[in-house]
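Every number for a ligand or one of its atoms is a count from 1 in the order of the listing. Along the sequence shown, residues carry numbers from 1.
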Amino acid sequence: MSDFINSFWSWYVAAISVVSILACAVLLWLAGKARVKASEAAQKDNTTGHVWDEDLREYNNPLPRWWMWLFILTVVFGLVYLAIYPGLGSYQGSQKWSQVADHQADVERMRESLAPLYAEFTAKPVAELAKDPRALAIGERQFMNHCSQCHGSDARGSKGYPNLTNGNAAWLGPLSGEHIVKTITEGRQGVMPPMGAAFASEAAISDLAHYVLSLSGSPHNEIKAFSGKQSYGVCAACHGVDGKGNKALGAPNLTDNYWLHGWGEAAIVNIIKNGKTNVMPAQNAKLTPEQIHVVAAYVMSLSGSGVITAATPAQVAPAAPPALVPVKAP
Ligand code: HEC
Ligand code: HEC
């Protein structure tokens, strides 16, 4: 009803409801009193005068009393219901009951009953909570509801969406409770600027891409990598002189064999030329700080092994055969 800009339709609907109920009551009253007009002969033996199948006749009695009362009760129930609960147009009913408030009260009751448990959870640091199976069971469900659409139900991500089961080396930020909680609460934005303009030619970019591939020992062309090395200077500010990345800037480690945005010359040339802005939206409107603490513990528990894997084949360079090496100098 709140969709309408004035109260006309509300009154219209309310009036139809009330008139229908009253009409039922009037019909009942009339039907209760009226008798079929019968001939004099019929009136004597109290029948309607209709005869079927030669000798079947119908008594001219009013409606049975129990049946009448049932009908009256229904009408009274309808009116009382509409006075108490919403049903008459936009009238809220004397109890001001609503589905939304009812649901919110349920949620509130649930929160209250879980409050002591969450208080116990938040008292522990994330890394310690990551060993508590009760917290992990709750955290897993929250992950499925709020995170899996991007990071996958196994948390191994996909192209552009980080694999959260990886060890610290492949993380954009430090693998710590603080970083995980901050990321979930505030979201994060990874920005690699487009740098195509910094290069004299396409060939120089392609050479640099081979140098980047060489950092992780991924298949590459050694000669191209050698000449690409000199242009790596512009990248070192963020990815580090040794290519190990910079967690404070969110610049990924280029020496591990985990490629968030895909491995290979084409993918790297593309990111150098066009840059990349990768956004994780803040989740603090959907989750309370206590829930974030618990889901962070779940995420932390997944990364325990330190092993680095990728969800899609495009994100790991094949170890063998090294398709692009070695290319012999002419
Ligand atoms: C809309 C998609 C989306 C949702 C939903 C989402 N994330 Fe993310 N998340 C991302 C992206 C994209 C990044 C990478 C951002 C970047 O490149 O800096 C990321 C990064 C992260 C990181 C940092 C990883 C690293 O290597 O440092 C963590 C931790 C994380 N997400 C956890 C979560 C959790 C837990 C949830 C659920 C509460 C969640 N995310 C929900 C898209 C999402
Ligand atoms: C201003 C800092 C900055 C500079 C300079 C920079 N990068 Fe990046 N780079 C980033 C960030 C941040 C990301 C991660 C984007 C994201 O969160 O998805 C990134 C991502 C990448 C990736 C993708 C890694 C993966 O796992 O898929 C490659 C490859 C890369 N950069 C190469 C380079 C090269 C080569 C240069 C030099 C031409 C360079 N970057 C310069 C910040 C930088």
Would you say the side chain of [Y] lies within less than 4.5 Å of the side chain of [X], judging by non-hydrogen atoms?
{"X": "Leu164", "Y": "Trp171", "answer": "yes"}
{"X": "Val294", "Y": "Gln142", "answer": "yes"}
{"X": "Ile138", "Y": "Phe121", "answer": "yes"}
{"X": "Lys276", "Y": "Leu260", "answer": "no"}

Expected output: side-chain [X] to main-chain [Y] donor-acceptor under 3.5 Å:
{"X": "His210", "Y": "Ser227", "answer": "no"}
{"X": "Tyr258", "Y": "Asn163", "answer": "yes"}
{"X": "Ser158", "Y": "Tyr161", "answer": "no"}
{"X": "Thr183", "Y": "Arg188", "answer": "no"}
{"X": "Asn246", "Y": "Gly240", "answer": "no"}
{"X": "His151", "Y": "Pro162", "answer": "yes"}
{"X": "Lys247", "Y": "Asn168", "answer": "yes"}

* Could you establish whether His179 and ligand 1 come within less than 4.0 Å of each other, counting only heavy atoms on the residue side? => yes
Side chain, backbone, both or neither: which applies to [X] and ligand 2 if a contact is any heavy-atom pair less than 4.0 Å apart?
{"X": "Ser231", "result": "neither"}
{"X": "Leu208", "result": "side chain"}
{"X": "Leu260", "result": "both"}

Counting from 1, what ligand 1 atoms have a heavy atom of [X] closer than 4.0 Å?
{"X": "Gly190", "value": "16 (C), 18 (O)"}
{"X": "Gly173", "value": "25 (C), 27 (O)"}
{"X": "Gly160", "value": "12 (C)"}
{"X": "Tyr161", "value": "12 (C), 42 (C)"}
{"X": "Val299", "value": "35 (C)"}

* Asked: Will you find, in the side chains of Gln189 and Thr277, an N or O donor that is under 3.5 Å from an N or O acceptor?
  -> no
* Will you find, in the side chains of Ser176 and Glu178, an N or O donor that is under 3.5 Å from an N or O acceptor? -> no
* Measuring to atom 8 (Fe) of ligand 1, does Cys150 have an N/O/S atom at a distance below 2.8 Å? -> no
* Is the distance from atom 8 (Fe) of ligand 1 to some N, O or S atom of Met280 under 2.8 Å? -> yes
Protein heavy-atom partner closest to [atom] - residue, atom, separation in Å:
{"atom": "atom 26 (O) of ligand 1", "result": "Leu172 N, 2.7 Å"}
{"atom": "atom 39 (C) of ligand 2", "result": "Met192 CE, 3.2 Å"}
{"atom": "atom 12 (C) of ligand 1", "result": "Val279 O, 3.4 Å"}
{"atom": "atom 23 (C) of ligand 2", "result": "Ile271 CD1, 3.6 Å"}
{"atom": "atom 18 (O) of ligand 2", "result": "His261 NE2, 2.6 Å"}
{"atom": "atom 29 (C) of ligand 1", "result": "Trp171 CZ3, 3.7 Å"}
{"atom": "atom 13 (C) of ligand 2", "result": "Pro252 CD, 3.1 Å"}
{"atom": "atom 37 (C) of ligand 1", "result": "Cys147 SG, 1.8 Å"}
{"atom": "atom 22 (C) of ligand 1", "result": "Thr183 CG2, 3.5 Å"}

* What do you reckon, is CH2 of Trp97 surrounded by more than 12 foreign heavy atoms closer than 6.0 Å? -> yes
* Asked: Hey, is CZ on Phe199 packed in by over 12 heavy atoms from elsewhere, all under 6.0 Å?
  -> yes
* Report the part of Leu164 (side chain from C-beta onward, or backbone N, CA, C, O) that has a heavy atom under 4.0 Å from ligand 1; answer both or neither where that applies. => side chain
* Asked: Should the proximity of Ala170 to ligand 1, defined as any heavy atom under 4.0 Å, be assigned to the side chain, the backbone, both, or neither?
  -> neither
Using a 4.0 Å cutoff against the non-hydrogen atoms of [X], which atoms of ligand 2 qualify?
{"X": "Ile272", "answer": "35 (C)"}
{"X": "Val212", "answer": "35 (C)"}
{"X": "Asn278", "answer": "16 (C), 17 (O), 18 (O)"}
{"X": "Tyr258", "answer": "26 (O)"}
{"X": "Cys235", "answer": "34 (C), 35 (C), 36 (C), 37 (C), 38 (C), 39 (C), 41 (C)"}
{"X": "Trp259", "answer": "25 (C), 26 (O), 27 (O)"}

* Asked: In terms of the angle between their ring planes, are Tyr298 and Phe143 parallel, tilted or perpendicular, with boundaries placed at 30° and 60°?
  -> tilted
* Which word best sums up how the rings of Tyr85 and Tyr81 line up, parallel for under 30°, tilted for 30 to 60°, or perpendicular for over 60°? -> tilted
Please report whether ligand 1 has a polar contact with [X], defined as an N or O pair separated by less than 3.5 Å (distance criterion only).
{"X": "Ile184", "result": "no"}
{"X": "Phe143", "result": "no"}
{"X": "Gln149", "result": "no"}
{"X": "Gln189", "result": "no"}

For [atom], which of the options [options] provides the nearest non-hydrogen atom?
{"atom": "atom 9 (N) of ligand 2", "options": "His239, Gln315, Met195", "value": "His239"}
{"atom": "atom 43 (C) of ligand 1", "options": "His146, Met300, His151", "value": "His151"}
{"atom": "atom 2 (C) of ligand 2", "options": "Gly228, Cys238, Pro162, Ala267", "value": "Cys238"}

Please name the pair of heavy atoms, one in [X] and one in [Y], separated by the smallest distance, quoted to 0.1 Å.
{"X": "Leu117", "Y": "Arg134", "value": "CD1-NH1, 3.5 Å"}
{"X": "Gly89", "Y": "Val13", "value": "N-CG1, 4.3 Å"}
{"X": "Ala237", "Y": "Leu249", "value": "O-CD1, 4.0 Å"}

* Asked: For ligand 2, is there an atom lying under 4.0 Å from some heavy atom of Gly250?
  -> yes
